[in-house]
A.B. asks: 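Got a structure for you, questions after.
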There are 2 protein chains.
Amino acid sequence: MPDTQSPTRKRIIDAATRLFYAEGIGRVSVDAIAEKAGLTKRTLYYHFKSKDDLIAAYLDGRDQPNLQQIAGWFDAAQGGADRKVEAIFSNLARVARHPKWKGCGFLRTAAELASMPGHPAVKVGSRHKSNFETWLAGELSGHDIKEPQALAREIVLLIDGCFSIMLIHRNPDYIEAAGRAAATLVRARSRNND
Amino acid sequence: MPDTQSPTRKRIIDAATRLFYAEGIGRVSVDAIAEKAGLTKRTLYYHFKSKDDLIAAYLDGRDQPNLQQIAGWFDAAQGGADRKVEAIFSNLARVARHPKWKGCGFLRTAAELASMPGHPAVKVGSRHKSNFETWLAGELSGHDIKEPQALAREIVLLIDGCFSIMLIHRNPDYIEAAGRAAATLVRARSRNND
DNA sequence: TTATGTATACCGACTAGTGAATATACACAA
DNA sequence: TTGTGTATATTCACTAGTCGGTATACATAA
């Protein structure tokens, strides 16, 4: 049984992460990942039992980094909950301008695997999105919001709407619009707005 | 030059539509489409110069049907703008329960083609989404809304957020939540709510 | 000896796209 | 009416390459 902490395994996931995110899981071959990682395909298959497993490992490795990036933006923003939520969107608009930005890897993978709803990678994505929603609800509950869980879900919908529509229009104006909508929803549920 | 109105061409697009939507563009081979259409691959390549062209034709054929389905839901709903908008979401939740439902073909195609932003199919998708946003803004402007275009964009973001997140969680509750959020945004911009 | 890790070489199935031939239909001239 | 030319539409057989995955062998270390 291969060592799940091995540096070789990590090298493979790093290579897979860069290629899968840049090109999409269907357009990247196992050969290409092995070459990028500087080893042979047979070695890759020693550490992962299938490409599907590797896809799930790729997303699993993005769970915490992605979550903590957004948490960092939220924490750093000044002001009330509406301003902190809006900061998520303005930072998103900033990074989305980078030419290498290709949307949300979790959503893109789920879109590619739409015909395989039980795929392990989709489950990893589902867990990640739930983690994020739960984290956001927790943050909002400290800001005098009436129904923090319902609000968190609405904001998540706007964030994922941004990710998707940006891949079609490539126009960051949509992210700004989503940020304003999110702020409106926050204020609609703020206690001091009664 | 092939006839762009030919019934054979239509048969090919019909077959492509069913397969591409069910499996995703990357998982469907040109051979499979030809077989489904009941002709040979060489004939398919007489009518379309490449698979990429066929993908664009598939989405182009979905523009009006998709738009008119949602317009039908909107028109049939009773009540003010908030109720009509909410009707879009409740109908969406209904059809999303069907086992063959696989999200929005435009968004899924854009996700698969994220590494090729100038792909003709992405342009067709962009035009479709703009058409929808424009139609919705027009409808809203007849309902005493302050900034119908800005509101239409916010609702579009919620709709596309539903499409995406549904592929991850497969839980229609998210669509209901989006509907309530949309209704909140509508009321926030209604003149009679000042 | 046994477990872990890596390499070369290969498999059968599938991929998008093409070359060459042919079937069909209609126009026009003898 | 018959023969010929031409554009459209279709088929069979094929190319050159890629796909995920594996059989076999070898090295190193406990």
Side-chain angles (χ1 to χ4, degrees), chain A residues 1-59 108-109 112-113 115-116 118-122 124, chain B residues 1-59 109 112-113 115-116 118-122:
Chain A
M1 209 198 318
D3 180 3
T4 57
Q5 307 296 332
S6 97
T8 303
R9 183 186 160 95
K10 188 178 177 313
R11 270 217 335 271
I12 296 167
I13 293 179
D14 283 351
T17 298
R18 274 178 289 173
L19 290 173
F20 281 150
Y21 182 73
E23 306 289 337
I25 59 168
R27 304 177 91 85
V28 173
S29 68
V30 176
D31 294 85
I33 295 166
E35 191 188 341
K36 183 114 177 171
L39 37 78
T40 64
K41 185 162 57 166
R42 193 64 190 84
T43 298
L44 188 152
Y45 274 101
Y46 174 76
H47 290 276
F48 299 90
K49 80 173 216 287
S50 67
K51 183 183 181 183
D52 288 334
D53 253 37
L54 179 51
I55 296 166
Y58 143 59
L59 289 184
R108 277 173 56 211
T109 302
E112 283 202 55
L113 299 175
S115 63
M116 310 164 75
H119 192 289
V122 176
V124 172
Chain B
M1 208 196 321
D3 180 1
T4 57
Q5 308 295 333
S6 95
T8 303
R9 184 186 161 94
K10 189 178 177 314
R11 264 209 351 263
I12 295 167
I13 292 180
D14 284 351
T17 297
R18 274 178 288 171
L19 290 173
F20 281 150
Y21 182 73
E23 305 289 337
I25 59 168
R27 305 177 91 85
V28 174
S29 70
V30 177
D31 294 85
I33 295 166
E35 191 187 340
K36 183 115 177 171
L39 35 78
T40 64
K41 183 162 57 168
R42 200 65 188 84
T43 299
L44 188 153
Y45 274 102
Y46 174 77
H47 290 275
F48 299 91
K49 79 174 218 286
S50 67
K51 183 182 180 181
D52 288 334
D53 253 37
L54 179 53
I55 296 166
Y58 144 58
L59 288 185
T109 302
E112 283 202 55
L113 298 175
S115 63
M116 311 165 74
H119 192 289
V122 176

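Every chain is numbered from 1, with letters handed out A, B, ... down the list of sequences. Computed over heavy atoms, backbone and side chain alike; hydrogens, waters and symmetry mates excluded.
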A.B. asks: I need a per-nucleotide contact map over nucleotides 9-14 of chain C, read 5' to 3'. Cutoff is protein heavy atoms under 4.0 Å; write B for the base, S for backbone only, - otherwise.
C.D. replies: ------
A.B. asks: Please check the phosphate of C:dG5 (OP1 and OP2 only) for any side-chain N or O of A:Thr43 closer than 4.0 Å.
C.D. replies: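 For C:dG5, OP1/OP2 do not have a side-chain N/O of A:Thr43 under 4.0 Å.
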A.B. asks: How many angstroms lie between CZ in B:Phe48 and CD1 in B:Ile55, if you round to the nearest 0.5 Å?
C.D. replies: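 If I round to the nearest 0.5 Å, the distance is 11.5 Å.
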A.B. asks: Are OP1 or OP2 of C:dA7 and a side-chain N or O of A:Thr40 less than 4.0 angstrom apart?
C.D. replies: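 The answer is yes; a side-chain N or O of A:Thr40 sits under 4.0 Å from OP1 or OP2.
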A.B. asks: Say you draw a straight line from CD of A:Glu112 to CZ of A:Arg27; how long is it, rounded to the nearest 0.5 Å?
C.D. replies: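 The CD atom of A:Glu112 sits 8.5 Å away from the CZ atom of A:Arg27.
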A.B. asks: Does the side chain of A:Tyr46 get closer than 4.0 angstrom to OP1 or OP2 of C:dG5 through an N or O atom?
C.D. replies: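 So the side-chain polar atoms of A:Tyr46 do come within 4.0 Å of the phosphate oxygens OP1 or OP2 of C:dG5, strictly under.
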A.B. asks: Taking only side-chain nitrogens and oxygens of B:His47, does any of them come within less than 4.0 Å of OP1 or OP2 of D:dT8?
C.D. replies: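 Looking at the OP1 and OP2 atoms of D:dT8, neither is under 4.0 Å from any side-chain N or O of B:His47.
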A.B. asks: Could you identify which residues of residues 7-17 of chain B place a heavy atom less than 4.0 Å from some atom of DNA chain C, listed by residue number, or say none?
C.D. replies: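 Residues of residues 7-17 of chain B that come under 4.0 Å of DNA chain C do not exist, since none gets that close.
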A.B. asks: Is A:Arg108 close enough and on-axis enough to A:Tyr21, meaning under 6.0 Å and within 45°, for cation-pi?
C.D. replies: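 Yes - A:Arg108 lies over the ring of A:Tyr21, closer than 6.0 Å to its centre and within 45° of its axis.
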A.B. asks: Is the backbone N or O of A:Ile13 less than 3.5 Å from a side-chain atom of A:Thr17, with the two atoms forming a donor-acceptor pair by type?
C.D. replies: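 Yes, because the side chain of A:Thr17 sits within donor-acceptor range (under 3.5 Å) of the backbone of A:Ile13.
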A.B. asks: Between CG of B:Leu19 and OH of B:Tyr58, what distance do you get to the nearest 0.5 Å?
C.D. replies: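 B:Leu19 CG to B:Tyr58 OH: 10.5 Å, rounded to 0.5 Å.
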A.B. asks: Expressed as a whole number of angstroms, how long is the span from B:Asp52:CG to C:dG17:P?
C.D. replies: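 In whole Å, C:dG17 P and B:Asp52 CG are 7 Å from each other.
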A.B. asks: Pick the nucleotide of DNA chain C nearest each of B:Tyr45 and A:Leu39; which residue has the one closer to the 5' end?
C.D. replies: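 Per heavy-atom nearest nucleotide, the more 5' residue is A:Leu39.
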A.B. asks: First locate atom CZ of A:Arg9, then atom CG of A:Leu44, and finally report the distance between them rounded to the nearest 0.5 Å.
C.D. replies: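 If I round to the nearest 0.5 Å, the distance is 10.0 Å.
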A.B. asks: Please round to 10 degrees the angle between the axis of the first five pairs and the axis of the last five pairs in the helix from C:dT1-D:dA30 to C:dA30-D:dT1.
C.D. replies: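 That helix gives 10° between its end axes.
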A.B. asks: Start with the C-alpha distance between A:Ile33 and A:Phe20, add both sets of side-chain angles, then the distance that settles side chain to side chain contact (heavy atoms under 4.5 Å, CB included), and finish with yes or no.
C.D. replies: CA-CA 9 Å; A:Ile33 295 166; A:Phe20 281 150; 3.5 Å; yes
A.B. asks: Please round to the nearest 0.5 Å and tell me the distance separating atom OG of B:Ser29 and atom CD of B:Glu35.
C.D. replies: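 These two atoms lie 8.5 Å from each other.
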A.B. asks: Nearest 0.5 angstrom please: B:Ile25 CD1 to B:Leu113 CG, how far?
C.D. replies: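 Going from CD1 on B:Ile25 over to CG on B:Leu113, the span is 4.0 Å.
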A.B. asks: Just the rounded figure in Å: distance from C1' of D:dG20 to CD1 of A:Ile33.
C.D. replies: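 Atom CD1 in A:Ile33 sits about 11 Å away from atom C1' in D:dG20.
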A.B. asks: Between A:Asp14 and A:Arg18 (salt bridge meaning N to carboxylate O under 4.0 Å), is one present in this structure?
C.D. replies: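 No, no charged N to carboxylate O under 4.0 Å.
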A.B. asks: Starting at atom CG of A:Leu19, determine the distance to atom C1' of D:dG20, rounded to an integer number of angstrom.
C.D. replies: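 In whole Å, D:dG20 C1' and A:Leu19 CG are 16 Å from each other.
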A.B. asks: How long is the line joining CD of A:Glu35 and C1' of C:dT8, in whole Å?
C.D. replies: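 So the CD-C1' distance, A:Glu35 to C:dT8, works out to 15 Å.
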A.B. asks: Side chains of A:Val122 and A:Met116: does their closest heavy-atom pair fall under 4.5 Å?
C.D. replies: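 No, their side chains stay 4.5 Å or more apart.
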